[in-house]
Number of protein chains: 2
Amino acid sequence: MRILLIEDDQGLGSAVRDQIAADGHSPDWVQTLAEAGDAERTTAYDLILLDLMLPDGAGLGFLRGLRARGSVTPVIILTARDRITERIEGLNAGADDYIVKPFDLAELSARIGAVARRYAGNPNPLIELGDLSIDLADRAVTGPQGRIDLSAREWAIFDALLARPGAILSKAQLEERLYSFNAEVESNTIEVYVSRLRKKLGAAVIETVRGMGYRLGQP
Amino acid sequence: MRILLIEDDQGLGSAVRDQIAADGHSPDWVQTLAEAGDAERTTAYDLILLDLMLPDGAGLGFLRGLRARGSVTPVIILTARDRITERIEGLNAGADDYIVKPFDLAELSARIGAVARRYAGNPNPLIELGDLSIDLADRAVTGPQGRIDLSAREWAIFDALLARPGAILSKAQLEERLYSFNAEVESNTIEVYVSRLRKKLGAAVIETVRGMGYRLGQP
DNA sequence: AGGAAGCTGACAGCAGGCTGAACGTCGCGG
DNA sequence: CCGCGACGTTCAGCCTGCTGTCAGCTTCCT
């Protein structure tokens, strides 16, 4: 499942992101509502985790805007224990569930799992890309010759590109996806993995936009 | 599906009963273990919902007795959030799944639906995997040399993989299946069980996807 | 043509995974 | 009540193959 995490706190944010990843989902972590808006508009998320206390405005407005645009993406709000009014307003604004901070990570997993199970009945959406067939939930890529195995890093990059078809992702953005800390300087790791992906999946799968980054190829 | 609900609390019991009925199943609600024993012996249930906190003795004993008599009826246990030990003992005693109280009724429906779906392929859903033949209802695996016995934990992991053929399940996901709390750091329990399963069932049964998790092998 | 950006084959190091063995625990039968 | 056996868990040492770096090459733009 693709999950958007909107949380400004560094420690909590990274912990939650890691937990989501460990559960086999694909987290995108943003720290402001501005970024959240961008991410939400360009990517089809299966679930949004929204902290209601953010620096650049109330998360409630974001949630209302989302619902006003007709989005039905499940939203779980994160709220402090003493903010009961906020919680109720959140549910009224269209949140599906809430978690009170501080919360246990296992608790979070359970709630996310509940959402995942709700989707479990539906058939897995298969993404078709040229002669490739990708199952996000299963993390499986199938080509004309059968299944293609990707390593963890390869999948992370491919998954990031799949999330925003047509969008250009910079090397820095992709790097951020691979490493929690973006201290990576002077390394061509991303290029290496793009190269490996092309070798496995076909050269057309990933397009290079010189000076800008990479983009999913059009089949 | 005929469902036996063992729950002493009036409010919760009736709510759950109504929910089950609303889902199109047939609930029998009893409030004591004595009644439960009578009901279970006289009726063939497809599923048992068992609260572990009951007035006339621990529900665990009931569950053990049930399994000792050779019953393979699926059992979902209801347990309080802080009773982790109890939950683990429940799974050890042969429970198929657990739900943490307080729970959402939709969550309950989802779990029941999962069980229903699992046993939908009546009478005996036999899964073929290479030269293995797996009977989900009986928890029995048969190989070329005859029946292979799996312990509770071994089965739990194998079952989780069987439920999603081709999908990659992370260690965290499998761990969650065993304990429900993933505060587990620094433990290679999953690896050990995978190792044992491979020894019993053949190395090809479970594939390792380095850095991501495990996947059912393709025969 | 020249430089910058990107590509890719090779390779060493190491994190992650495997597994035999030992230990603790629990339920059951005597 | 006690011992036995099965099961679950931890530990340590080994092994595998992913990962990241480098160097030399190609491609693209001015």
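Because the structure is predicted, anything quoted here is derived from the model rather than measured. Labels below follow one simple rule: chain letters A, B, ... track the order of the sequence lines, proteins then strands, and each chain is numbered from 1. Both backbone and side-chain heavy atoms feed into the values below; hydrogens, waters and symmetry mates do not.
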**Student:** Rounded to whole angstrom units, what separation is found between the CG atom of L178(A) and the C1' atom of dC18(D)?
**Tutor:**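 That distance rounds to 13 Å.
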
**Student:** Would you mind telling me which residue lines up with the more 5' stretch of DNA chain C, M212(A) or V209(B), judged by nearest nucleotide?
**Tutor:**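 It is M212(A), whose closest nucleotide lies nearer the 5' terminus.
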
**Student:** Given atom CD of E175(B) and atom P of dG17(C), what is their separation to the nearest angstrom?
**Tutor:**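 These atoms are roughly 12 Å apart.
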
**Student:** Strictly below 4.0 Å, N to O, side chains only: are R196(A) and E154(A) in salt-bridge contact?
**Tutor:**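 E154(A) and R196(A): not salt-bridged.
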
**Student:** Using a heavy-atom distance cut-off of less than 4.0 Å, which residues of residues 196-203 of chain B contact DNA chain D?
**Tutor:**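 R196(B) - these, ordered by number, are the residues of the stretch whose heavy atoms sit under 4.0 Å from the strand.
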
**Student:** Does S195(A) place a side-chain N or O at less than 4.0 Å from the phosphate oxygens OP1/OP2 of dG9(C)?
**Tutor:**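 For dG9(C), OP1/OP2 do not have a side-chain N/O of S195(A) under 4.0 Å.
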
**Student:** Does a side chain donor of either R2(A) or S26(A) reach within less than 3.5 Å of an acceptor in the other side chain?
**Tutor:**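 On atom types as modelled, these side chains do not qualify, holding no pair under 3.5 Å.
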
**Student:** At under 4.0 Å, does any side-chain N or O of T189(B) touch on OP1 or OP2 of dT9(D)?
**Tutor:**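 The answer is no; no side-chain N or O of T189(B) sits under 4.0 Å from OP1 or OP2.
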
**Student:** Strictly below 4.0 Å: does Y214(A) bring a side-chain N or O up to OP1 or OP2 of dC7(C)?
**Tutor:**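 The answer is yes; a side-chain N or O of Y214(A) sits under 4.0 Å from OP1 or OP2.
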
**Student:** Is there a side-chain contact between K171(A) and E191(A) in this structure, where contact means two heavy atoms from C-beta onward sitting under 4.5 Å apart?
**Tutor:**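 Answer yes - side chains close enough.
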
**Student:** Assuming nearest nucleotide by heavy-atom distance, tell me which of E191(B) and E154(B) is located more 5' along DNA chain D.
**Tutor:**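 Result: E154(B).
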
**Student:** Any side-chain heavy-atom pair from R198(B) and S195(B) closer than 4.5 angstrom?
**Tutor:**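 When only atoms from C-beta onward are counted, S195(B) and R198(B) do not touch, as no gap falls below 4.5 Å.
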
**Student:** From CD1 of I190(B) over to P of dT10(D), roughly how many Å is that when rounded to an integer?
**Tutor:**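 For the pair I190(B) CD1 and dT10(D) P, the rounded distance is 11 Å.
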
**Student:** Regarding V194(B), tell me which of base, sugar-phosphate or nothing describes its non-hydrogen contacts under 4.0 Å with the strands shown.
**Tutor:**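 Counting heavy atoms under 4.0 Å across all strands, no contact is made by V194(B).
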
**Student:** Indicate yes or no: does D149(A) engage R210(B) in a salt bridge with an N to O separation below 4.0 Å.
**Tutor:**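 Looking at R210(B) together with D149(A), the answer is no, because their closest N to O distance does not fall below 4.0 Å.
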
**Student:** Which whole-number value in Å describes the distance from L60(B) CG to dG27(C) P?
**Tutor:**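 Rounded to whole Å, this separation is 8 Å.
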
**Student:** Going by an N to O cut-off under 4.0 Å, is there a salt bridge joining D159(A) and R139(A)?
**Tutor:**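 So D159(A) does not pair with R139(A) through a salt bridge.
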
**Student:** Expressed in angstrom and rounded to an integer, what is the separation of N188(A) atom CG from dA10(C) atom P?
**Tutor:**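 Rounding to the nearest Å, CG of N188(A) and P of dA10(C) are 16 Å apart.
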
**Student:** For Y193(B) and for R210(B), locate the closest nucleotide of DNA chain D by heavy-atom distance; then report the residue assigned to the nucleotide nearer the 5' terminus.
**Tutor:**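 Mapping each residue to its closest nucleotide by heavy atoms, the 5'-most match is Y193(B).
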
**Student:** Does the side chain of S151(A) get closer than 4.0 angstrom to OP1 or OP2 of dT19(D) through an N or O atom?
**Tutor:**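 Yes, S151(A) has a side-chain N/O under 4.0 Å of OP1/OP2 on dT19(D).
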
**Student:** Hey, can you pull the residues of residues 155-165 of chain A with a non-hydrogen atom under 4.0 angstrom from DNA chain D?
**Tutor:**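 When residues 155-165 of chain A is checked for heavy atoms under 4.0 Å from DNA chain D, there are no hits whatsoever.
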
**Student:** Using a strict 4.0 Å threshold on nitrogen-to-oxygen distance, state whether R17(A) and D28(A) make a salt bridge.
**Tutor:**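 Between D28(A) and R17(A) there is no salt bridge, as every charged N stays at least 4.0 Å from the carboxylate O atoms.
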
**Student:** Should K171(B) be listed as having a side-chain N or O under 4.0 Å from OP1 or OP2 of dG16(C)?
**Tutor:**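 Answer is no, no contact under 4.0 Å.
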
**Student:** CZ of R67(B) versus P of dA6(D): gap in Å, rounded?
**Tutor:**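 Taking CZ of R67(B) and P of dA6(D), I get 21 Å after rounding.
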
**Student:** Would you name the heavy atoms of I206(B) and L161(B) that are closest together and state the gap between them?
**Tutor:**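 It is CD1-CD1, 3.8 Å.
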
**Student:** For A22(A) versus A172(B), what's the shortest heavy-atom pair and its separation?
**Tutor:**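 Looks like O-CB, 3.0 Å.
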
**Student:** OH of Y179(A) versus C1' of dA15(C): gap in Å, rounded?
**Tutor:**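 Atom-to-atom, Y179(A) to dA15(C), this comes out as 14 Å.
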
**Student:** Any donor-acceptor pair under 3.5 Å joining the side chain of R153(B) to the base of dG8(D)?
**Tutor:**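 Absent.
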
**Student:** Can you tell which of D96(B), D97(B), L47(B) makes a side-chain contact (heavy atoms from CB on, under 4.5 Å) with V75(B)?
**Tutor:**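 In the set D96(B), D97(B), L47(B), the residue that makes a side-chain contact (heavy atoms from CB on, under 4.5 Å) with V75(B) is D96(B).
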
**Student:** Just to confirm, is there a sub-4.0 Å distance from OP1 or OP2 of dG16(C) to any side-chain nitrogen or oxygen of T208(B)?
**Tutor:**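 Negative; the distance criterion is not met.
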
